Amino acid sequence: MKFEIKGRDAAGRICKFTTKHGTVTTPNLMPVINPNKILISPKEMKKIFGTEMVITNSYIINKHKEYKEKVLKIGVHRLIDFDGPIMTDSGTFQSYVYGDIDIDPIEIVKFQRDIGSDVGTVLDVFGKPDQTKKEAEHGIKETIKRSKKSASEKDDMLLACTVQGSIYLDLRVKCAKELSKIDADFYPIGGVVPLMENQRYSDLVGCIISSKRGLDPSKPVHLFGAGHPLIFPLAVALGCDFFDSSAYAKYANDRRMIFPWGTERLDDLNELPCCCPVCTKFTASELKKLEKSDLILQLAKHNLYISFAEIKKIRSAISEGNLWELVERRANSNPFLLDALKELRNTENKIWLEKFEPISKNKALFYTGDHTIHRPIIYRTHKRLLNRYEQLFDTTVIFPEGNKPYSTYYSPYVKEILKKKNVNLLVHSHLGPVPFELDEMYPFAQSVFPKNIDKETDEESRKIIDEFLLGRKIILWKDSRTSLETDVSEERKIDMDLRRISAVTDMQFGNGASKALFNGKIKIVKSKKTGKIRNIYCDRNHILSMRASDGMFTLKIGGACFLHDFFKYPKLRVVIREVAVPFIKEGKSVFAKFVEDCDSALIPLDECLIVNEKDNLLAVGRCLLNKSEMLSFNYGLAVKTREIKKRS
Ligand code: GUN
Ligand code: ZN
């Protein structure tokens, strides 16, 4: 099984997943093909919607005498006439809907293997939301047992082991951990259909996060039975890679149309709020008059257009770095989803999400509503302000929100203030406190908030400012007449450029980084065009470059040497195995399978020190994965090498 990360945002990712019948890109949607009633053939789906992978049910095929004989001869691909990857389910869902059914758990896995399924599913025990913890515990025990047995029968079929545990989050984690020890390839999150049917999205979020916490991060995750695009953005942001949809057909049968914000009855619509080919060809009244089977077909097509369009939007949001914006906008259009988003405000979930959140993005952070302030990247920024930023003086002057960059906007007043007294300079922004030295750093400069802010954001930013300023004298700056007593006792002159590079390096690399890096004769080279800091030299040694895009530093090998000497192992390190050392010395990037260990504080897009097992510095690079991912992925890059250390 080959699964590798190509792009990422939030805890979501764009991956390549390879099977015997080809490679697909995730996040992806597998339409459910019911061999008894094929509404739109898989081949046609591929042509119309770009469908790459489908899912069908081995239990239904096995139960049907004619299909069973045929499929064992010709294989499942020819049975449903599709040459791309096919996943098969096992009958678990049928036993949940119809009660006990007659299937042997191991026979059904062998059957899936024998019919050539690309991804076959274990007959897991469906954990209903209303069961007791004891029942749920019993269910996962049986699911784990069957999964272990199934693994020895899989041969070259990829095996899907479903995480169960009802709504008991500790059982979800436990089940996921146990299943991750098995030689399996694909991990659906199961037992969630009743939660989605009843719009219990808050519980769903709990189930997804706890399952993800226990799962091996290098394996694809499928949200079983999730076919409504409403849930796709949030589920992807929490790390789900696959969805399956029977909803397109079920809703169509029911004369209902799927939209990104929910579902509408065709009979309630006078106008079709959609531009898909179906809704372009027909008006609402023309659709309503269609003959039944044609109507179902047209509605099913509309439903699939909308579903695949949402998958595309999600992938685009991941590559643009604005997945959280899409998630929040979708939640703003559905109250139940909005409640679910609130689950992400608890600290435990923020800590988990922060591990996956890239250090910065290509695009500015856009405010969408009162959840924005709770995004993982803002949580991280606040934490670092409190723990890594050094406030030099007793007194802090606080400026109100102004044009960006703040230090330029307020510079005439700052000069006057600093003539009289040495103070810390701060803007009270909607994002919280912004020290002047950090006003070009992501996300302070690269964020867009409305002038009039909601109550939640206002309270959160005040809370963090109060914590940040605890024990300090405060002067609120109103205008140029704001008076400051002259203080002659303090004679330290502050060099704003040096302050800026020190503050940014401490925020980015940790406490003490500025001491390690700027311990010599510092030369700061600025852009002739913009006047912004570009390169920094220490004793003529190039140590850092500042990126114009996010106001953060790119680490040069000179700077890496200083940080390596200063910080003890394992801080900032990615340790590579001896076999890969010659490749790194040639400047090649680090593949995940060669990573032996790594600093658990490193996050995606962080600068890192590439070292060998004896902690000798080899090179400097940029992480693409976090620690748990580096240690579990067998494919793909872990670190992009930038510069090697000569003569090490
Ligand atoms: N389809 C929908 N939910 C489930 C589940 O929990 N397990 C399996 N195997 N299939 C499903
Ligand atoms: Zn449409």
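Quick note: residue numbers are just sequence positions, from 1. All figures in this text were calculated on a predicted structure; none of them were measured in a lab. Just so you know, ligand 1 is whichever comes first in the structure, and atom 1 is the first atom listed for that ligand.
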Query raised in the report: For the rings on Phe49 and Tyr305, is their centre-to-centre separation under 6.0 Å?
Result: yes
Query - His302: which of Phe282, Tyr248, Phe259, Tyr251 passes ring pair (Phe, Tyr, Trp, His ring centres under 6.0 Å) - result: Phe259
Query raised in the report: Side chains of Val205 and Leu344: does their closest heavy-atom pair fall under 4.5 Å?
Result: yes
Requested in this report: Could you please provide the protein residues found below 4.0 Å of ligand 1 on a heavy-atom basis, arranged by chain and number?
Outcome: Asp89, Ser90, Thr92, Phe93, Thr121, Asp124, Phe126, Gln164, Gly190, Gly191, Val193, Phe224
**Report entry** Polar protein atoms near the Zn ion (ligand 2) [N, O or S; cut-off under 2.8 Å]
**Finding:** Cys274 SG, Cys276 SG, Cys279 SG, His302 ND1
Requested in this report: Can you label the angle between the His77 ring and the His21 ring as parallel, tilted or perpendicular, going by 30° and 60°?
Outcome: parallel
Query - Salt-bridge present (Asp254, Arg265; N to O < 4.0 Å) - result: no
Query raised in the report: Looking at the rings of Phe17 and Phe242, which for Trp means the six-membered one, are their centres under 6.0 Å apart?
Result: yes
Query raised in the report: Can you tell if the side chain of Asp203 reaches within under 4.5 Å of the side chain of Pro129, non-hydrogen atoms only?
Result: no
Query raised in the report: So do the side chains of Lys65 and Glu69 get within less than 4.5 Å of each other, counting heavy atoms only?
Result: yes
Query raised in the report: Is the Tyr201 ring parallel, tilted or perpendicular to the Phe336 ring (thresholds 30°, 60°)?
Result: perpendicular
